[in-house]
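Some notes on the structure that comes next.
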Amino acid sequence: ERQRELERLKSEFIQNVSHELRTPLAIAQGYAELLNSGELGELQAEQREPVRIVTRRLRMLSGLVDNINAILETESKPLERESMDLADMVSTTLTNFRGTVEEHGLTLKDDVPADFPNLSGDPVLLWRVLDNLLNNALKFTPAGGHISVRLWQEGTEIALQVADTGIGIPADQLERIFERFYQVDGSAARRYGGTGLGLALVKEIVQAHGGRVTVESHVERGSAFTVWLPLANA
Ligand code: ADP
């Protein structure tokens with residue numbers, strides 16, 4: 001009983017804190033982005049780097065709080081499904097993502113069919129799945145590498161794959177990376193940043209859609225994450 005009560009209090013606490021952080025962070029990030037873009041006036045040379053750092057850190061914090069909120073939401077709310085064009089969502093996301101990929105010295109290849117069947121899903125949550133997989137590929141792939149994104153239909157399923165030529169994941173860790181807060185190497189993870197929540201969220205969202213996530217990876221050669229979603233009842 002006591003254990004259950006403590007669990008409940010912990011969830012409630014996390015929920016309250018992340019909820020309270022959301023608005024001030026969004027506002028601070030908005031202003032930082034404006035400063036950083038130069039829209040509020042030209043920055044002096046010595047101000048540019050600090051503003052860039054503040055902006056990047058706020059983006060990271062917002063991402064973290066978004067992931068915590070999203071995990072709590074997927075647990076407690078039913079999916080808001082609609083008939084959606086996943087191919088269109090992927091293409092739009094990649095258009096925005098391409099610049100960031102190039103800034104990191106990586107290349108992006110995509111194979112997304114223009115004409116693709118609709119599926120029944122929650123567009124906001126499925127976007128989060130893609131966003132988390134893309135950001136991991138970006139984070140764990142050294143400059144000079146490649147990221148490729150593919151979307152295809154296989155029987156009654158849709159497959160969305162994000163592959164990279166990055167650092168890879170040891171075979172004995174492939175199950176564990178989907179656990180909440182799990183990171184392959186704590187000290188390396190500090191170097192790469194992150195919280196270990198992304199893949200837990202990916203798995204929970206995909207399972208809530210009746211799908212599954214598979215991963216293939218080889219250390220120092222790269223990783224490929226594939227999300228399989230049922231096409232039924234679009
Ligand atoms: P985070 O990225 O915030 O650490 P995730 O849950 O997204 O958390 O990922 C958990 C761990 O799985 C990462 O810390 C990393 O060790 C490993 N991982 C995830 N994606 C990749 C990838 N594309 N390449 C190599 N390792 C990865």
Side-chain angles (χ1 to χ4, degrees), residues 8-82 84 88-104 106 108 121-140 147 162 180-183 189-206 208:
R8 192 188 62 76
L9 285 173
K10 188 181 77 180
S11 293
E12 212 172 85
F13 174 74
I14 297 175
Q15 196 155 11
N16 289 346
V17 171
S18 57
H19 186 82
E20 292 300 319
L21 281 172
R22 203 178 213 173
T23 309
L25 259 179
I27 294 170
Q29 191 195 345
Y31 280 120
E33 301 275 1
L34 276 176
L35 279 170
N36 193 41
S37 68
E39 277 178 59
L40 297 181
E42 189 67 28
L43 294 178
Q44 292 173 18
E46 64 271 31
Q47 294 172 332
R48 274 190 211 121
E49 183 62 7
V51 169
R52 201 182 59 77
I53 293 172
V54 169
T55 312
R56 192 159 50 90
R57 293 295 170 158
L58 283 172
R59 248 183 239 156
M60 233 177 74
L61 267 178
S62 296
L64 160 61
V65 170
D66 278 353
N67 270 347
I68 295 177
N69 278 311
I71 265 200
L72 296 170
E73 263 171 34
T74 36
E75 267 178 1
S76 61
K77 274 208 318 207
L79 290 183
E80 290 180 12
R81 280 182 190 261
E82 55 185 72
M84 58 172 285
D88 185 53
M89 190 263 271
V90 175
S91 301
T92 313
T93 307
L94 291 183
T95 307
N96 296 327
F97 186 64
R98 199 169 287 278
T100 317
V101 169
E102 284 162 10
E103 272 171 33
H104 281 73
L106 302 170
L108 175 67
D122 185 322
V124 177
L125 294 183
L126 290 180
W127 173 79
R128 267 186 198 293
V129 167
L130 177 63
D131 187 58
N132 271 295
L133 293 179
L134 290 176
N135 280 307
N136 277 345
L138 190 68
K139 197 159 74 173
F140 295 109
I147 298 178
V162 177
R180 288 182 185 185
F181 304 111
Y182 190 80
Q183 299 181 307
R190 294 273 55 82
R191 178 153 46 90
Y192 292 111
T195 54
L197 275 176
L199 287 177
L201 181 63
V202 165
K203 185 175 171 186
E204 285 173 40
I205 293 175
V206 170

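What's counted below: heavy atoms across the whole structure, side chains too, no hydrogens, waters or symmetry copies.
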How many angstroms lie between [atom1] in [X] and [atom2] in [Y], if you round to the nearest 0.5 Å?
| X | Y | atom1 | atom2 | answer |
| --- | --- | --- | --- | --- |
| T74 | R128 | OG1 | CZ | 9.5 Å |
| E33 | L58 | CD | CG | 8.5 Å |
| L108 | L134 | CG | CG | 8.0 Å |
| L21 | L61 | CG | CG | 8.0 Å |

Residue of the set E46, E42, R48 for which side-chain contact (heavy atoms from CB on, under 4.5 Å) holds with Q44: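 For Q44, the side-chain contact (heavy atoms from CB on, under 4.5 Å) check succeeds only for E46.
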
Which one of V202, N135, V162 satisfies the side-chain contact (heavy atoms from CB on, under 4.5 Å) criterion with L130?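 Filter result, single survivor: V162.
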
State, to 0.1 Å, how close [X] and [Y] come at their nearest heavy-atom pair, and which atoms those are.
| X | Y | value |
| --- | --- | --- |
| N67 | G198 | ND2-CA, 4.1 Å |
| L197 | I68 | CD1-CG1, 3.5 Å |
| A208 | L79 | O-CD1, 3.3 Å |
| I71 | A200 | CD1-CB, 4.3 Å |
| P123 | E82 | CG-CD, 3.5 Å |
| G196 | Q183 | N-NE2, 3.5 Å |

With E49, which residues qualify under side chain to side chain contact (heavy atoms under 4.5 Å, CB included), at least two apart?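 Result, side chain to side chain contact (heavy atoms under 4.5 Å, CB included) vs E49: R52, I53.
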
S62: what forms a side chain to side chain donor-acceptor pair (under 3.5 Å) with it, not counting sequence neighbours?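 By the side chain to side chain donor-acceptor pair (under 3.5 Å) rule, S62 matches Q29.
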
All side chain to side chain donor-acceptor pair (under 3.5 Å) counterparts of E204, not counting sequence neighbours: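 By the side chain to side chain donor-acceptor pair (under 3.5 Å) rule, E204 matches R180.
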
Less than 4.5 Å apart, side chain to side chain, heavy atoms only: is that true for T55 and L35?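 No, every pair of side-chain atoms sits at 4.5 Å or beyond.
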
With a sphere of 6.0 Å drawn around CD of E80, does it hold more than 12 non-hydrogen atoms of other residues, nucleotides or ligands?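 It does not: E80 CD has 12 such atoms or fewer within range.
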
Do other residues, nucleotides or ligands put more than 12 heavy atoms under 6.0 Å from the CZ atom of R56?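 Yes.
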
Residue pairs passing the salt bridge (Lys or Arg N to Asp or Glu O under 4.0 Å) test where at least one lies in residues 62-72, sequence neighbours excluded: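 As it turns out, there is no salt bridge (Lys or Arg N to Asp or Glu O under 4.0 Å) pair with a partner in residues 62-72 once direct neighbours are skipped.
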
After noting the C-alpha distance and the side-chain angles of N132 and L199, does the key distance pass the side chain to side chain contact (heavy atoms under 4.5 Å, CB included) rule? CA-CA 7 Å; N132 271 295; L199 287 177; over 6 Å; no

side-chain hydrogen bond (donor to acceptor under 3.5 Å, both in side chains): pairs with one or both residues in residues 90-102, sequence neighbours excluded: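 Non-adjacent pairs meeting side-chain hydrogen bond (donor to acceptor under 3.5 Å, both in side chains): R98-D110.
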
side-chain hydrogen bond (donor to acceptor under 3.5 Å, both in side chains): which pairs involve residues 12-25, sequence neighbours left out?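 Output for this query lists R8-E12, S18-N69.
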
Run the side chain to side chain contact (heavy atoms under 4.5 Å, CB included) test on D122 and I205 for me, step by step, so that the C-alpha distance in whole Å, both residues' side-chain angles and the decisive distance to 0.1 Å come before the verdict. CA-CA 9 Å; D122 185 322; I205 293 175; over 6 Å; no

Give the intermediate values and the outcome of side chain to side chain contact (heavy atoms under 4.5 Å, CB included) for residues F97 and D131. CA-CA 9 Å; F97 186 64; D131 187 58; over 6 Å; no

